[in-house]
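Written below as structure tokens is the structure these notes are about.
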Amino acid sequence: MKLKKTSANLMLVAVTVLWGSGFIVTKMALDQNATTGLINIARGLIFALLIFIIFFKRITKMTGKELFKGFFAGALNSFAFILQTVAMQYTTPSNA
């Protein structure tokens with residue numbers, strides 16, 4: 001799939017806005033005394049559901065080895081998000 005330069009740039013801006021807004025929403029949730037675990041479970045469930053809906057056919061065809069690799073990568077990603085969320089308790093979204 002070849003994208004035009006304008007389309008690619010608009011997609012990069014959209015991803016940047018979504019990514020950056022995640023820091024703001026996380027900080028707002030922390031300010032309302034939500035736990036880091038709750039924030040990351042909610043985030044993970046939302047994205048897992050979206051990925052499952054979008055890639056349903058591919059996921060159902062995965063082998064056990066591929067599922068294990070995906071689980072391992074997801075566990076590492078979850079650990080990184082937990083560390084990031086804990087760090088957000090002590091700084092502002094713009095510093096994060």
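Side chains are part of it too, since the values below use all heavy atoms of this structure and drop only hydrogens, waters and symmetry mates.
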| said: Taking ring pair (Phe, Tyr, Trp, His ring centres under 6.0 Å) as the cut-off, I'd like each qualifying pair that reaches into residues 33-62, sequence neighbours left out, listed once. | reply: F52-F56
| request: Examine distances only and state if a side-chain atom of K27 and a backbone atom of G22 form a donor-acceptor pair shorter than 3.5 Å. | output: no
| field | Shared hydrophobic cluster for I39 and I24 (ILVMFWY, side-chain gaps under 4.5 Å) | value | no
| request: Answer yes if L45 and L67 sit in the same cluster of Ile, Leu, Val, Met, Phe, Trp and Tyr residues linked by side chain heavy atoms under 4.5 Å apart, and no otherwise. | output: no
| Listed once per pair and sorted, the side chain to side chain donor-acceptor pair (under 3.5 Å) pairs that draw on residues 50-61, sequence neighbours left out | none
| Backbone of A29 reached by a side-chain donor or acceptor of Q32 within 3.5 Å | no
| said: Tell me whether L49 shares a hydrophobic cluster with I54, the cluster being built from Ile, Leu, Val, Met, Phe, Trp, Tyr side chains joined at under 4.5 Å. | reply: no
| Can you tell me how far the CD atom of Q84 sits from the CD1 atom of I82, to the nearest 0.5 Å? | 11.0 Å
| request: Evaluate the side-chain proximity of L83 to F79: yes if any heavy-atom separation is below 4.5 Å, no if none is. | output: yes
| request: Rounded to the nearest 0.5 Å, what's the gap from CD on E66 to CD1 on I59? Could you check? | output: 11.5 Å
| Is there any side chain to side chain donor-acceptor pair (under 3.5 Å) pair reaching into residues 34-45, and which pairs are they, with sequence neighbours excluded? | T26-R43, N40-T85
| Interatomic distance, T63 atom OG1 to K69 atom NZ [nearest 0.5 angstrom] | 8.0 Å
| same_hphob_cluster(M11, W19) at 4.5 Å side-chain heavy-atom cutoff | no
| Joint hydrophobic cluster, F23 plus F81, side-chain heavy atoms closer than 4.5 Å | no
| For M28, does the CE atom sit with more than 12 other heavy atoms under 6.0 Å from it, leaving out its own atoms? | no
